[in-house]
Amino acid sequence: MTQAIEQQHSHEAKRVTYIGAWLDGILSVVKVVVGLLVGSAALVADGIHSLSDLVTDGFVLAAIHYGRQEPDDDHHYGHGRIETLTTLLLGSVLIFVAGGIAWSSLDRLFSGTAVGAPGVIAIVITIAALVSKEWIFRYTMRVAKRVKSKLLEANAWHSRSDALSTAVVLVALIGAQFGFGWLDAVAAIVVGLLVGKVGWDLLWESARELVDTALPENVQQQMHDVACSVPGVDSVHDLRTRQSAGWVMVDLHVVVGPKITVSEAHEIGNEVSRRLRHEFPLLTDVIFHVDPEDDAGEGDPSRLPGLPLRPEVEAALNERWYRHPVWRTLSELQLHYLDGKVSVSLVIGDAVNQPPQCLASQLKGLASDIEWLGHVEILFITRAASNAP
């Protein structure tokens with residue numbers, strides 16, 4: 001995603017959140033004032049819910065501003081976790097608010113506090129609040145899908161929970177208008193439960209993200225199949241996924257032919273990355289590791305004993321082969337780290353009057369004491385190839 005598109009998405013997310021914040025502020029004041037005037041605990045609870053929406057709008061604005069900033073020297077993977085942490089805080093606030101609403105409403109219900117008729121004005125205001133909260137939910141959800149923000153989507157569902165709680169309050173107010181005052185306390189309890197459910201869902205999702213929970217198995221399998229479809233890929237293993245603020249990161253091991261060039265293997269890996277990004281637009285980071293053989297299940301190779309690198313290999317082979325004509329006419333030495341051994345291919349420019357298999361057997365015998373030495377192969381450079389520009 002280009003920086004211009006990212007800035008546009010951030011602007012859209014802030015705009016819809018500002019609109020929601022103004023709406024939440026107005027509704028919270030009106031609901032609380034009217035609820036106190038008519039003596040409706042349910043309407044006051046709903047006003048507090050709207051006030052909590054206003055507070056969370058502030059969290060969302062801060063998270064959008066800081067969470068979508070570019071990577072810097074201290075945050076090489078970006079600031080997406082800020083959105084995740086804000087969502088976690090948002091869920092905690094909602095659960096706290098839900099507990100307070102439910103406790104006070106239960107006390108009101110069991111104490112038998114009388115509730116009078118709220119009047120038509122309170123009912124009309126509640127209907128207007130219900131319509132406005134449903135509108136802001138739909139508007140916010142559209143923007144959340146467009147800019148791919150889980151935090152904004154969570155805030156949209158927070159607005160929907162407010163709309164649902166307002167619907168419950170509306171039923172309670174109508175019931176109280178006809179003499180069923182106890183419905184007011186019951187409605188307040190239901191509102192508290194709804195708020196608590198939303199808070200728990202936000203806590204659960206953000207916690208799963210913070211502990212790097214993988215994508216569903218079917219999505220991982222789809223990624224595996226896409227990677228395996230690339231020409232030159234023999235197999236794929238150790239595919240791992242995680243999420244951050246709605247974005248997805250994946251790393252995987254790509255098995256290619258054991259003797260292809262490094263540049264070809266790297267380009268095969270690049271094509272795997274391209275196809276994954278095309279099929280999964282939410283991918284923000286793809287890390288691939290090229291393997292010359294399938295080492296799935298063998299663990300981290302950095303924790304296992306290693307094989308000698310070129311300087312040590314050349315020194316050991318020179319000590320044993322320096323008198324052999326093949327070694328004296330060597331043009332190129334190719335090393336292949338396969339099956340826990342170092343196989344060597346010796347490319348020579350001057351033909352030696354012996355079959356290559358015989359020469360390879362001689363060299364293998366001279367170095368029979370080297371445990372890490374695998375297959376030995378002799379390759380001749382044809383005269384046409386050596387004269388090619």
Side-chain angles (χ1 to χ4, degrees), residues 16-58 93-142 154-199 201:
V16 70
T17 306
Y18 275 123
I19 293 174
W22 277 103
L23 184 62
D24 290 331
I26 294 172
L27 289 178
S28 63
V29 172
V30 173
K31 287 178 184 178
V32 171
V33 170
V34 174
L36 291 174
L37 290 176
V38 301
S40 171
L43 194 56
V44 172
D46 201 32
I48 295 174
H49 190 184
S50 294
L51 183 61
S52 73
D53 282 353
L54 179 60
V55 173
T56 55
D57 287 335
V93 170
L94 288 180
I95 290 178
F96 178 78
V97 171
I101 292 173
W103 179 263
S104 62
S105 301
L106 282 171
D107 180 67
R108 185 183 179 93
L109 179 64
F110 290 122
S111 66
T113 304
V115 178
V120 177
I121 295 179
I123 295 175
V124 170
I125 289 175
T126 304
I127 294 174
L130 174 61
V131 172
S132 62
K133 290 302 294 185
E134 181 64 19
W135 171 80
I136 196 63
F137 160 74
R138 295 178 182 273
Y139 179 29
T140 306
M141 186 59 73
R142 284 199 304 271
N155 203 36
W157 281 110
H158 191 190
S159 297
R160 167 57 71 85
S161 73
D162 199 6
L164 293 175
S165 67
T166 302
V168 173
V169 171
L170 179 60
V171 173
L173 292 178
I174 294 175
Q177 187 70 22
F178 290 95
F180 299 98
W182 55 271
L183 281 175
D184 187 81
V186 173
I189 295 172
V190 172
V191 170
L193 293 176
L194 289 172
V195 175
K197 173 62 167 57
V198 173
D201 290 342

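The side-chain contact (heavy atoms from CB on, under 4.5 Å) with Val29 is formed by just one residue from the set Ile26, Val32, Val33; it is Val33.
Proximity of the aromatic rings of Trp135 and Tyr139 is defined here by a centroid distance below 6.0 angstrom, and this criterion is met.
Between Leu27 and Ala129, the shortest heavy-atom contact is CD2-CB, 3.7 Å. When every heavy atom of Ile127 is checked against every heavy atom of Leu170, the shortest pair comes out as CG1-CD1, 3.7 Å.
The list of salt bridge (charged side-chain N to carboxylate O under 4.0 Å, His left out) pairs with a residue in residues 22-35, not counting sequence neighbours, reads Asp24-Lys133, Lys31-Asp46, Lys31-Asp162.
Interatomic distance, Thr17 OG1 to Ile136 CD1, rounded to the nearest 0.5 Å: 8.5 Å.
Ser28 contributes a side-chain N or O that, together with a main-chain N or O of Gly25, makes up a donor-acceptor pair within less than 3.5 Å.
By the salt bridge (Lys or Arg N to Asp or Glu O under 4.0 Å) test, Arg142 is found to be paired with no residue, residues two or more places apart in sequence or in another chain being considered.
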Extract all donor-acceptor atom pairs below 3.5 Å that involve side chains of residues 188-198 and protein atoms in other chains or at least two apart in sequence.
| from | atom 1 | to | atom 2 | distance (Å) |
| --- | --- | --- | --- | --- |
| Lys197 | NZ | Asp201 | OD1 | 3.3 |
| Lys197 | NZ | Asp201 | OD2 | 2.7 |

